[in-house]
Every structure is written in structure tokens, then in C-alpha cells.
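All values derive from a computational prediction rather than experimental measurement. Here is how names work: the chains are called A, B, and so on, in the same order as the sequence lines, proteins then strands, and each is numbered from 1.
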Number of protein chains: 2
Amino acid sequence: MAQGRHSATTTRGEQLLFLTDEQLRQGIELMFFAYRGFTADPDRMLEERGYGRAHHRAIHFINRRPGLTVNELLDILRVTKQSLNRVLRQLVEDRLVASRVGREDRRQRNLYLTEAGRQLEQELSAAQRRRMRVAFSNAGPEAVHGFRQVLEQMIDPELREQVLRSLEAARP
Amino acid sequence: MAQGRHSATTTRGEQLLFLTDEQLRQGIELMFFAYRGFTADPDRMLEERGYGRAHHRAIHFINRRPGLTVNELLDILRVTKQSLNRVLRQLVEDRLVASRVGREDRRQRNLYLTEAGRQLEQELSAAQRRRMRVAFSNAGPEAVHGFRQVLEQMIDPELREQVLRSLEAARP
DNA sequence: CAGTTTATGTCAGACATGTTGACATTCCAA
DNA sequence: TTGGAATGTCAACATGTCTGACATAAACTG
């Protein structure tokens, strides 16, 4: 599978974009390494409290959409309700999340951050935003625009609309 | 923490970049959703064989740098050697990876993909490259450039040099 | 309106993958 | 040549995912 600058199957359009296998593979690796950096700061802070990324994700989205139901959170996170439930149970026990029976539909549970929950969210988010801010600043506005465009295109097409709507709909 | 379009702490430079907390948070969520899309295809294919992302990562980097040692792979993946060892043991048992005693230093093990390993790597990588290619194509060359710049900046500064070198050094 | 089905959420057990600790082998330097 | 350092392996435990079984509330249906 040794190959030169452009593989035999590369089309003209892809050449203009430098979409050789090699370029694509570099994009793949960059995604891997960048995501590790992206999660590094919160990971450290969470570990001190005995939490993991799953807790962070729950806290993040509950903060973004206070009062959302377990089912709505499941739809965002795409994990099983059993998996989410364990995380939520801990957060509720630790008084970071409040779970209130739904007013209209009493099967539902509306989720809110407590004051302590908001506090932790702030700490986690501040670290992550700091890194994102530095990355954005160093890369410049054009790059930020490109970053967004590529990442949007990387989302599953069936989910893209939902995700982009949810990005806007936060903190309604 | 209710706040308007620009928080009180937003500086002028950040406004020019739209680096409000809200914009940063949207970047954070985009990163989360995009990474899930990024891993979706390989995840499905791996599951059929009873493997996980850990196997994929090992296969990917062994393919990129045939003959690398366990220690070198550890340095890339940043997991414990015990964790990596379990994954490698399975891959060697399943005849996807060959582990040869080092010629100079017999403590080391040099890792290679077998023909079957290369076959699986091709399948996994083809799916991931397809998604990356579509994303890059739809976003356009400028966007791809920006994507790279931002992602590079998101990597831990201490690791950035090493990572960028390793991107280039692959398939030497 | 009684009985059944559907929706939402919880609890229990299994597997994958991360961790730390103990150990065997090999290399190297005093 | 011997003791420490480097490399890799094996074992036990923690976390977070999954599937399955269940409880409760709402919605449907005859």
C-alpha cells in the first residue's frame, strides 16, 4: 500500500482540497489528539471528586437546559437510560443535581443544578472555555469559522439538525 | 449567572473573535457531538468483532508506524502499559498483530499488522476517511485549514511538538 | 370505565477498558 | 559480576458502558 503524494483513486476535486489518504489520516489523528486535550482539564478536576466524563456531560447539559427531563437528556447523550441513571443517582445523592417530579406528566423527572452543582459546572467549564479561548485566539477568526464548519459536517447527518438546533436553544 | 450577548469580562479582542462564553460553549458542544460522529462508523464495525476503540487506536498507530515498540505506542496513547497489554494480547491471539522480539534490545517488542490486521485497518480507516472526506469537501479548503489550526492549538502545549512531528513521521 | 398497552424512570448483573501493584526478563554501568 | 533501570506481562480492582427485569403513570380501547 505504499503510495505517493496522491493515491491512484484521488479525484481532481479532492486534489484541490488535498484530500489524499495521507491528509485525511492526519485529520483523523489530529481529531484524536485534540479531543484528548479538550477533555484533559475537566478530567483532572473530576477525578479529584471521584467523577468521570459521564458526570461532566450530564452536568453540562443540565446547566444548558435547566429542567430538561431524563428522556431529553438521553436523547442528547445517546447512552442507555440505565447508564445515565447511575450517574444521575450519584449527582442527586451528592446534592449537585435536583430531580423533581414533572408537573404535567408525573412519570417524568425534571433535572436542575443545585447551587453546588452550578459551582462545579463553573469550575469545569471555566477550564474548558479557557483552553477553547486560547485555541480560538491563537488560530484566529477565519480558522474558528472553518473549525465550526468542518465539525458540523462531521456530525451524523440525521442528527445534525437536532444538534444545531440544540446549540441555539440552550438557555432559553 | 444570567448574562447578555457579551459577558462583563469579555475583552475587546475576544468580541472581535466572538469569544463570548456562549460562543465558547457552543464550540465545546460541537466538539462533543463531532467526536461522536467521528467515531460512530468504526465503533459499529468494531462491535461486530467484539473489539472497542482501544483496539482501533492500537491498530491505527501500528499501521502508521510499523515496527514501533510497545513503549513508543504507550507514549502515543498515554494509557498504562497494563491496559495496552491486554488489548495487544487479544490482537496478537487473533492474529491481527505480530509482536517480534527486538533485534538490538531483546526487551522490546516490535509491533506489526499481519495481512488480516491490514485488512481490518483498511475497513475501519475507509469508513472514517470517507466521513472526513465528506466533511472536508462540504466545508471547503479554507475551512479545512482552520479546522487544523484550531485543533492543533487544542492539544496540550507540552505534547504539541511531539504530536505534530508524529503526524509527519508516519510511514517513514 | 375497566383492562391493556405504552412511556418514563429505577435497580441488578455482565462486559470492556481504564487503573495500580507485583513480577520476569534483559540491558547496562559500577 | 552484580545491582539497578528499562521493558513488557500477569492479576485484581474501579468506572462506565450495555442488556434484562421491574414499578409507576399515562394513554388508549372495547
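Classification of the B:Phe61-A:Phe32 ring pair by plane angle, with boundaries at 30° and 60°, yields tilted.
Atom-to-atom, CG of B:Leu84 to C1' of C:dT20 comes out at 16 Å; the value is rounded to the nearest Å. Nucleotide C:dT26 holds its C1' atom 20 Å from the CZ atom of B:Arg100, rounded to whole Å. If you take CZ of A:Arg53 and C1' of C:dT17, they are 12 Å apart, rounded to a whole angstrom.
B:Glu47 comes within contact range of no nucleotide atom at all, as no heavy-atom separation falls under 4.0 Å.
Using modelled atom types, one side-chain atom of A:Arg160 and one backbone atom of A:Glu152 make a donor-acceptor pair closer than 3.5 Å.
Put simply, chain A comes within 4.0 Å of DNA chain D, heavy atom to any atom, from D:dG16 to D:dA26, going 5' to 3'.
A salt bridge is absent between B:Arg57 and A:Glu29; no separation between the charged side-chain nitrogens and carboxylate oxygens falls under 4.0 Å. Salt-bridge formation is not detected for the pair A:Glu121/A:Arg64: no Lys NZ or Arg NE/NH1/NH2 atom is positioned less than 4.0 Å from an Asp or Glu carboxylate oxygen.
Between B:Arg106 and B:Thr80, it is B:Thr80 whose nearest contact on DNA chain C lies nearer the 5' terminus. If A:Glu104 and A:Val79 are placed on DNA chain D by their nearest nucleotide, the residue sitting closer to the 5' end is A:Val79.
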Review point. How does protein contact run along nucleotides 6-11 of chain C, one letter per nucleotide 5' to 3', with B for base contact, S for sugar-phosphate only, - for none, heavy atoms under 4.0 Å?
Key: -BSBBB
Review point. Could you go step by step and tell me if B:Thr39 and B:Arg53 meet the side chain to side chain donor-acceptor pair (under 3.5 Å) rule?
Key: CA-CA 8 Å; B:Thr39 57; B:Arg53 272 184 214 174; 3.1 Å; yes
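Exactly one residue among A:Glu115, A:Glu123, A:Gln122 makes a side chain to side chain donor-acceptor pair (under 3.5 Å) with A:Gln119. That residue is A:Glu123.
Taking the six-membered ring wherever Trp is involved, the centroid distance between the rings of B:Tyr35 and A:Phe38 does not fall below 6.0 Å.
A:Glu22 and A:Gln26 are linked by a side-chain donor-acceptor pair at a separation below 3.5 angstrom, with hydrogens and angles left out of the test.
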